[in-house]
Amino acid sequence: MAVVVRMAPSPTGLLHIGNVRTALFNWLYARHDGGEFRLRIENTDTSREVAEAVDQIQDSLRWLGLDWDGPLTFQLDRMDDCRRVADELVAAGKAYEDEGAIRFRMPDEGVTAWEDVVRGRIEYPNEKLEDVVIVRSDGRPTYNFASPLEDVWDGITHVIRGDDHIPNTPKQLNLIRAIGADVPVYGHVPQVNGADGKPLSKRHGSVSVQDFRADGYLPEALMNFLALLGWAPDGETTVMSREELVARFSLERVSPSPAQFDYQKLEWLNGVYLRALSEEEVAHRLLLWLGENGYDWDAELVARATPLVQEKITRLAEFPAFTGFLFGDVEPDPADLDGGASMLAAADEALVSLEPFEAEAIETALRAAADGLGLKPRQAFQPVRVAVTGSKVSPGLFESIELLGRETTLSRLRAAAAAGPA
RNA sequence: GCCCCCAUCGACUAGCGGUCCAGGUCGCGGCCCUUUCAAGGCCGUAGCACGGGUUCGAAUCCCGUUGGGGGCACCA
């Protein structure tokens, strides 16, 4: 039987990275098995924010590459079906009216148990199960009623969800049995925590997919990182392409214990992916990111600057800080120019009529100038770097100067010489 | 309060009774390389929560303790 799984977010805001991790496990499982991954919105009303959230959810999933099968469905559309089933349950004596609402009669004795794919057997004493409200007094079905019904109607074979749903599972199991349907396999994956062991939230840093996108993370790196949160193929492999993840994923290897989100490791992984991309591809991503984040920078210059920083940046968002000097004016801190006056003058002289004005020749000329002053490369190049790029940290100096061009370089050298301490 | 879940280096994890005085990755520290910052190379740091069992033998199985998390809605 083909696997059918689903992601069933409630449209209450931006897509939380923890939910995405759960969605990813569903997706990986479906793709690994050649099954289906469905997207279902668990909404119960139709406000404007909902429509917006639904768009954002889809947008985030697409960006990450989590494609879903079949049409997007809405819980709202099946309210009538739910009500019909509720009436049948009442007619069969399995549910009853209570102050206008309808409650489902839970068993009073024994246990409700299931074999959880990630945790093994879980048991619930039935005496602890309350008769859940399945239809509110206003006629709308509740989550604990609509959700399992939809799982049945959609032919969901495996319900992979957050472990906060464990207490709901025995209720849903009884409901499904009551309507005479087969129960799906359940798997409860642990939540994702912040560094303090508390559920990941805004105060820990970025939490929504949109946050990570704006931070300049690559979707493939984020996916790789997320997959490793609670799952590992063998304990040795860490960098895996999407195809490899799909090929190697298995629910049985998902850990039952909660994981902490390590931003530093994500950062490192992103750098790994960024460096592995071709220059052209990085330039392309950079351009997209810049466009999405309000930068209207010359595409050709961005492309030419890319090789200078591909190894130095770890996220796309770091690009502007590194290369801003190529796209706008700089304001060097005079204190950083300290003691460099003679080298600035020497650099000016070395570059004023240098031909060709290319990195290699520039390096030769500047090294000769430094030699002439008896300066170590380190001492000599730093003031030049500050004058030209406005910062003590920059891409390679000679390549930077080539890209900047002679005119701008010389004027910055002179401005710095004039502004710096004598 | 009641119910449920979880427990290997700081973090993510491998380990499914002997091959583990516990392996990999991030981080951290040191060294090398070096025009800054990175990247890269090498070396190092650090862990089976505790207590009882079971067994010839336990990180691995069982029980308890402690610690963390979650749930107890006419929310999802």
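Letters go in sequence order (proteins before strands), and every chain restarts at 1.
Asp336(A) and Arg385(A) are not joined by a salt bridge, as no carboxylate oxygen comes within less than 4.0 angstrom of a charged side-chain nitrogen. Asp80(A) and Arg83(A) are joined by a salt bridge, as a carboxylate oxygen and a charged side-chain nitrogen come within less than 4.0 angstrom of each other. With salt bridges taken as basic N to acidic carboxylate O contacts below 4.0 Å, one links Arg78(A) and Asp154(A). Taking the charged nitrogens against the carboxylate oxygens, Lys171(A) and Asp131(A) have no contact shorter than 4.0 Å, which rules out a salt bridge.
Checked against the 6.0 Å centroid criterion, the rings of Phe225(A) and Phe212(A) do not qualify as a close aromatic pair. Taking the ring centroids of Tyr263(A) and Phe261(A), they lie under the 6.0 Å cut-off. In summary, the aromatic rings of Trp297(A) and Phe327(A) are positioned with their centroids under 6.0 Å apart. Ring to ring, His158(A) and Phe25(A) are not that close: their centroids are 6.0 angstrom or more apart.
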Task: Contact letters for nucleotides 58-74 of chain B, in which S counts primed atoms plus P, OP1 and OP2 and B counts the base, heavy atoms under 4.0 Å - done: -----------SSS--B
TODO: If a protein heavy atom is under 4.0 Å from the base, mark B; if only from the sugar-phosphate, S; if neither, -; do that for nucleotides 42-48 of chain B going 5' to 3'.
DONE: -------
Open item on the list: One character per nucleotide, please: for nucleotides 29-36 of chain B, 5' to 3', B when the base has a protein heavy atom closer than 4.0 Å, S when only the sugar-phosphate does, - otherwise.
Closed with: ------BB
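The partner of A39(B) cannot be assigned: no Watson-Crick or G-U wobble pair with both contacts below 3.5 Å exists in any strand. Checking C72(B) for Watson-Crick or G-U wobble geometry (two distances, each under 3.5 Å) identifies G1(B) as its partner. In this structure C20(B) sits in no base pair that meets the Watson-Crick or G-U test at under 3.5 Å. C50(B) and G64(B) make up a base pair, with Watson-Crick or G-U wobble contacts both under 3.5 Å. Judged by Watson-Crick or G-U wobble contacts below 3.5 Å, the nucleotide C28(B) has G44(B) as its partner.
For the pair Leu373(A) and Ala346(A), the tightest heavy-atom approach, listed with the atom from each and the gap, is CD1-CB, 3.8 Å. Residue Val388(A) comes nearest to Phe325(A) through the heavy atom pair O-CD1, 4.0 Å, listed as atom of the first residue, atom of the second, then distance. Among all heavy-atom pairs drawn from Leu200(A) and Gly194(A), the shortest one is CD1-CA, 3.6 Å. Residues Ala317(A) and Asp215(A) share a closest heavy-atom pair of CB-O, 3.2 Å. In terms of heavy atoms, Thr22(A) sits closest to Arg161(A) at CG2-CA, 3.7 Å. For Asn270(A) against Gly216(A), the heavy-atom pair with the smallest separation is ND2-O, 3.5 Å.
Following rounding to the nearest Å, Gln260(A) (CD) and G10(B) (C1') show an atom-to-atom distance of 9 Å. Nucleotide A39(B) holds its P atom 10 Å from the CD atom of Glu267(A), rounded to whole Å. Between Asn270(A) atom CG and A39(B) atom C1' the separation is 15 Å, expressed in whole Å. Remark: C1' of A38(B) and CH2 of Trp268(A) are 16 Å apart, rounded to the nearest angstrom. Nucleotide C5(B) holds its P atom 15 Å from the CZ atom of Arg161(A), rounded to whole Å. Atom CG in Leu277(A) sits about 17 Å away from atom P in A39(B), given to the nearest Å. Distance Leu200(A) CG to A11(B) P: 16 Å, rounded to the nearest Å. The distance between atom CD of Glu279(A) and atom C1' of A39(B), rounded to the nearest whole Å, is 15 Å.
U13(B) and G27(B): their C1' atoms are spaced 14 Å apart (whole Å). Comparing C4(B) with G15(B), their C1' atoms sit 27 Å apart, to the nearest whole Å. A58(B) and C50(B) are spaced 15 Å apart, taking the P atom of each and rounding to whole Å. Between the P atoms of G24(B) and G47(B), the separation comes to 15 Å (whole Å). Going from the C1' atom of A22(B) to that of C62(B) covers 23 Å, rounded to whole Å.
Shown here is Glu115(A), whose CD atom has more than 12 heavy atoms of other residues, nucleotides or ligands within 6.0 Å. More than 12 heavy-atom neighbours from other residues, nucleotides or ligands sit within 6.0 angstrom of CD on Glu252(A).
Residue-to-nucleotide proximity on RNA chain B shows that, of Glu42(A) and Arg21(A), the 5′-proximal contact is made by Arg21(A).
A donor and an acceptor atom, one from each side chain of His16(A) and Asn19(A), are nowhere located under 3.5 Å apart.
Across all strands, Arg253(A) comes closer than 4.0 Å only to sugar-phosphate atoms, never to a base (heavy-atom distances).
Here A39(B) is the nucleotide among A76(B), A11(B), A39(B) with the atom lying nearest to any side-chain atom of Glu311(A).
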At a cut-off of 3.5 Å, list every protein nitrogen or oxygen paired with a nitrogen or oxygen from nucleotides 18-23 of chain B, distance to 0.1 Å.
residue, atom, partner, partner atom, Å
G23(B), N2, Gly235(A), O, 2.8

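Each side-chain hydrogen bond (donor to acceptor under 3.5 Å, both in side chains) pair with one or both residues in residues 222-231 of chain A, not counting sequence neighbours, appears once here: Asn224(A)-Tyr273(A).
For residues 215-229 of chain A, proximity to RNA chain B is found at Leu228(A), Leu229(A), defined as any non-hydrogen atom under 4.0 angstrom from a strand atom.
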